[in-house]
Amino acid sequence: MAPHLSSEDRASGPRHVAIIMDGNGRWAQMRGRPRILGHHAGAKRVREIVEACPDLGVKYLTIFAFSTENWRRTQSEVAGLMSLFRRYIQREAQDLLQRGVRVRFIGDRVKLDARLVTLMDDLELLTSHNDRVHLTIALNYGGRDEVTRAARRLAYEIEMGRLTHKDVDAETLSKFLDTHVLPDPDLVIRTSGEARISNFLLWQSAYAEYEFIDTLWPDFNDAEFARIVKSYAARDRRFGGVKAKA
Ligand code: FPP
C-alpha cells in the first residue's frame with residue numbers, strides 16, 4: 001500500500017517525474033532466467049506506477065524504454081524488446097484510454113520498425129483527448145541526439161529564411177525538442193543503484209532533482225514511488241538563486 005500524501009505534499013510535490021527504468025537484466029539473471037524476462041517483468045511495473053500518479057499529484061510521467069545506445073545489445077535482446085513494445089501497445093491501448101492516460105512518444109522514429117511506428121502513432125491519436133496523466137515513453141531516445149536533431153531543424157528554418165541567427169535562444173531551441181509540449185521534469189529517478197543519467201533528458205533536466213535508488217526496476221512499486229515523491233516535497237529548490245526568507 002502506498003503511504004497517504006497530504007494535500008500540501010501533493011501541491012509541493014513534483015508535477016513531472018522522469019524515470020530511468022534500470023535493472024531488468026540483473027533481475028532476470030539473479031533468477032537464472034533470460035534477460036528478456038526481466039524486461040517483461042519491468043513492463044508490468046509501468047501500469048502500477050502510471051496508476052499511482054494522480055493520487056501523488058504527478059501529472060507528467062516520462063519513462064526511458066529504449067535509448068539510442070541500446071541498439072548495441074545483442075540482436076535477440078533488441079528484437080525481444082521491440083516485440084515487447086509492440087505487444088505492450090496492443091495490449092494496453094484500451095486500458096490506457098479508459099484510465100485517462102495521454103500517451104506520447106519521444107525519440108527518433110526513423111530507425112524503428114514501421115509496424116511499431118504505426119502502433120505508436122495510433123496510440124498517440126487514440127489517447128490525445130485524455131488529460132488525467134500524461135505518459136511519455138522515450139523510445140530510441142538520446143538527449144544528445146534530440147538536441148542535435150533540434151539544431152538541424154533550426155538550421156533548416158534559418159536556411160529557408162523563416163528564422164535568423166538572432167532568433168536562436170534557449171526558448172526557441174526548446175520548441176524544436178521532442179518534449180516541446182511538456183514541462184521540464186522536476187524529479188528524475190533511476191533504479192538499480194547506478195548513479196548516471198545516461199543521456200536522458202539532458203537539456204530538460206538542467207534543474208531537476210535526482211534520486212538514485214538501489215531497487216531493480218521490476219521490484220519498484222507504488223509505495224517506494226510515493227516515498228520518493230514525498231521526500232521531494234521537503235527539498236529546497238533554488239534554481240540557482242538564494243533560499244527564500246521565511
Ligand atoms: C534497462 O535495464 C531497461 C531497458 C533497456 C528497457 C526498459 C524497458 C522496460 C521496463 C520494459 C517495457 C517498457 C514499456 C514502456 C513497455 P537493463 O536491461 O539495462 O538492466 P541491467 O542493467 O540489469 O542489465
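These numbers come from a predicted model, not from an experiment. Whatever order the structure lists them in is the order used to number ligands and atoms, beginning at 1.
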Within 6.0 Å of [atom1] in [X], more than 12 heavy atoms from elsewhere:
X: Tyr156; atom1: OH; value: no
X: Arg31; atom1: CZ; value: yes
X: Arg72; atom1: CZ; value: no
X: Gln75; atom1: CD; value: no

message = Pairs of nitrogen or oxygen atoms closer than 3.5 Å, one from Ile63 and one from ligand 1: do any exist?
response = no

request  = May I ask you to check if ligand 1 and Trp217 share an N or O to N or O distance below 3.5 Å?
outcome  =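 No; the residue has no nitrogen or oxygen that sits under 3.5 Å from a nitrogen or oxygen of the ligand.
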
Which one of [options] has a non-hydrogen atom at the shortest distance from [atom]?
atom: atom 19 (O) of ligand 1; options: Gln29, Arg35, Arg73; result: Arg73
atom: atom 2 (O) of ligand 1; options: Ile19, Asp22, Leu216; result: Asp22
atom: atom 7 (C) of ligand 1; options: Ser67, Pro218, Ala65, Ala138; result: Ala65

ask   = Distance-only, no hydrogens or angles: does the Trp27 side chain make a donor-acceptor pair with backbone N or O of Gly38 under 3.5 Å?
value =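 No, because the side chain of Trp27 does not come within donor-acceptor range (under 3.5 Å) of the backbone of Gly38.
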
query = Between the side chain of Thr191 and the main-chain N/O of Asp22, is any donor-acceptor distance below 3.5 Å?
reply =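 Answer holds: yes.
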
inquiry  = If I compare all heavy atoms of Glu48 with all of Asp222, which pair ends up nearest, and what's the gap?
reply    =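 Scanning both residues completely, I find the closest heavy atoms to be OE2-N, 2.8 Å.
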
key: Atoms in ligand 1 flagged as close to Tyr88, the criterion being non-hydrogen separation under 4.0 Å   = 16 (C)

request  = Just jot down the ligand 1 atoms closer than 4.0 angstrom to any heavy atom of Asn70, in number order.
outcome  = 5 (C)

Closest protein heavy atom (residue, atom, distance) for [atom]:
atom: atom 1 (C) of ligand 1; result: Met21 O, 3.3 Å
atom: atom 13 (C) of ligand 1; result: Phe85 CE2, 3.9 Å
atom: atom 9 (C) of ligand 1; result: Asn24 ND2, 3.6 Å
atom: atom 11 (C) of ligand 1; result: His39 O, 3.5 Å
atom: atom 21 (P) of ligand 1; result: Arg26 NE, 3.6 Å

ask   = Would you call the rings of Tyr141 and Phe200 parallel, tilted or perpendicular if under 30° counts as parallel and over 60° as perpendicular?
value =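 Perpendicular.
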
ask   = If you measure from each heavy atom of Gly23 to ligand 1, is any distance below 4.0 Å?
value = yes

key: Distance-only side-chain donor-acceptor flag, Thr172 / Asp169, under 3.5 Å   = yes

